[in-house]
Amino acid sequence: MIFRRTSAFYLFTLTAIFILILLSLCLGAVPLSLSDLWAGIRGDTSLSAAKILRYVRIPRTCAALLCGAALSASGAIIQSVLHNPLGSPNVLGMNAGAGLAVILCAAFVPLMPGILPLAAFSGAFATLLLVCALGKHAGNSRAAVLLAGVAANTCFIALADAVTVFVPDTIYSRAAFKIGSLSGVQMDVLLPAALVIIVSLIFTFFLRHEIDVLALGDDSARSLGLPVSALRFAALVLAALLCGAGISFAGLIGFVGLIVPHCARMFVGSEMRSLLPASVLLGMLLLLLCDLLSRLLFAPHELPAGILLSLIGGPFFVMLLLKKKGRSHD
């Protein structure tokens, strides 16, 4: 019965992703036909529709796939390692660290917008290192890491606000990055991030058994001879790499790392060997769907995918809090 449900889940998800990829490539401000799609795949750049496909639609669709996979996998790692259903890149301050790095670059090197993706990636990774260091000094427990992440998140948001006060020209850069959108993404920005995401996912899959043991608790992991601190740090580094690479080209797309792992667990369980691929596929599906809806719901205007995801994620987060409160009373 479980095997049948899991197989049905993967079949449905893969089919839905394929359909959404076709719709994402064909629908938008300028609708494209299947013949235009085929011309673009063949490399016929003489048609304007084919140019739109190659330089706008394909990069945007790839960005949705990569960002959805990266953020959902990052959330699955964080929730498993910290054994907290509310864990996500936001909670550990990675998003805030990336946002601060982008604001600092916009303030001090405004003529070099090309380094903003690298700044976002570096900010997320540096935040992870800081949070782990603070957590180690505070006892190296899961709670210490979470509290350090909350503290870092608050401080970095305040610092970013301070920069915009002293350098008002950075307000637009911060607003654009904070909202999160997949429009205007180019392949030259996607390729480095894609490499980081793919390599990080491979390493995460190799560590799947150790992460499952770590999710049982520190005492259980130590009794089996696992180096708990080093393993937790390695897993969180992979989560930071995935998060930083994803938001480096998409901005602060929120709630994917929170929502998707929970939905995946309902279908495939909590073991990382099943949870990781299921989260990746559901993340792709969710971000493709939200990006497509952002183009079509208010056409010819476009609602950034980050706003749409926040509207979905807010109520979902409240539902999780109420569910957790109900269990604590039981």
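Bear in mind that the values here come from a model prediction, so they are computed numbers and not experimental data.
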For the residue pair Met284 and Ile17, what are the closest heavy atoms and their distance?
CB-CD1, 4.1 Å
Under 4.0 Å between a Lys/Arg side-chain N and an Asp/Glu carboxylate O for Arg273 and Glu210?
no
Nearest heavy-atom neighbours spanning Ser72 and Val256
N-CG1, 3.9 Å
Any donor-acceptor N/O pair, Ser74 side chain to Ala70 backbone, under 3.5 Å
no
Identified side chain to side chain contact (heavy atoms under 4.5 Å, CB included) partner of Leu20 from the options Leu65, Leu288, Leu287
Leu288
Between Leu286 and Phe255, is a side chain to side chain contact (heavy atoms under 4.5 Å, CB included) present by the stated rule, with each step listed?
CA-CA 11 Å; Leu286 176 62; Phe255 289 105; over 6 Å; no
Do Leu190 and Val185 have side chains that get closer than 4.5 Å, going by heavy atoms?
yes
Short question: side chain of Ser274, backbone of Glu271 - any donor-acceptor pair under 3.5 Å?
no
Just wondering, do Phe205 and Ile211 contact through their side chains at under 4.5 Å, heavy atoms?
no
Phe18 and Leu281: same hydrophobic cluster, using ILVMFWY side-chain contacts below 4.5 Å?
yes
Between Thr61 and Ser24, a side-chain donor and acceptor under 3.5 Å:
yes
Find the distance between CZ (Arg295) and CG (Leu308) and round it off to the nearest 0.5 Å.
12.5 Å
Would you check, one step at a time, whether the test side chain to side chain contact (heavy atoms under 4.5 Å, CB included) holds for Leu309 with Ile253?
CA-CA 7 Å; Leu309 276 166; Ile253 301 286; 3.3 Å; yes
Could you tell me if the side chain of Ile77 sits less than 4.5 Å from the side chain of Leu242, heavy atoms only?
yes
Hey, does Phe203 have a side-chain heavy atom less than 4.5 Å from the side chain of Ile198?
no
The reported gap from CG in Leu311 to CG in Leu303 (rounded to nearest 0.5 angstrom) is 7.0 Å
Taking atom CE of Met94 and atom CG of Leu236, what is their separation to the nearest 0.5 Å?
6.0 Å
For Pro277 and Tyr10, the nearest pair of non-hydrogen atoms, with its separation, is CG-OH, 3.8 Å
In terms of hydrophobic clusters joined by side-chain contacts under 4.5 Å, are Leu104 and Ile157 together?
no
Can you tell if the side chain of Leu22 reaches within under 4.5 Å of the side chain of Ile19, non-hydrogen atoms only?
no
Flag side-chain contact, heavy atom, 4.5 Å: Gln79 against His262:
yes
Hey, what do you get for OG1 (Thr6) to CG (Leu11), rounding to the nearest 0.5 Å?
12.5 Å
Should Phe12 and Val260 be counted in the same cluster of Ile, Leu, Val, Met, Phe, Trp and Tyr side chains packed under 4.5 Å apart?
no
For residues Phe267 and Thr13, determine if any side-chain heavy atom of one lies less than 4.5 Å from a side-chain heavy atom of the other.
no
Shortest non-hydrogen contact from Thr127 to Leu92?
CG2-O, 3.8 Å
Side-chain heavy atoms nearer than 4.5 Å, only ILVMFWY residues, links allowed to pass through others: does that put Leu27 and Ile58 together?
yes
What's the spacing between Asn95 CG and Leu100 CG if we round to 0.5 Å?
12.5 Å
Verify same cluster id: Ile202, Leu71 (apolar side-chain graph, 4.5 Å)
no
For Leu238 and Phe233: C-alpha separation, side-chain torsions, deciding distance, then whether side chain to side chain contact (heavy atoms under 4.5 Å, CB included) applies.
CA-CA 9 Å; Leu238 290 172; Phe233 178 74; over 6 Å; no
On a heavy-atom basis, the closest approach of Gly28 and Arg57 is CA-NH2, 3.5 Å
So which heavy atom on Asp212 is nearest to which on Ser270, and how close?
OD1-O, 3.9 Å
Side-chain heavy-atom pair Ser80, Leu275 within 4.5 angstrom cut-off:
yes
Kindly compute the distance separating OG (Ser294) from CG (Leu292), expressed to the nearest 0.5 Å.
7.5 Å
Begin from the C-alpha positions of Val237 and Leu241 and carry the test side chain to side chain contact (heavy atoms under 4.5 Å, CB included) through to its verdict.
CA-CA 6 Å; Val237 166; Leu241 288 171; 4.1 Å; yes
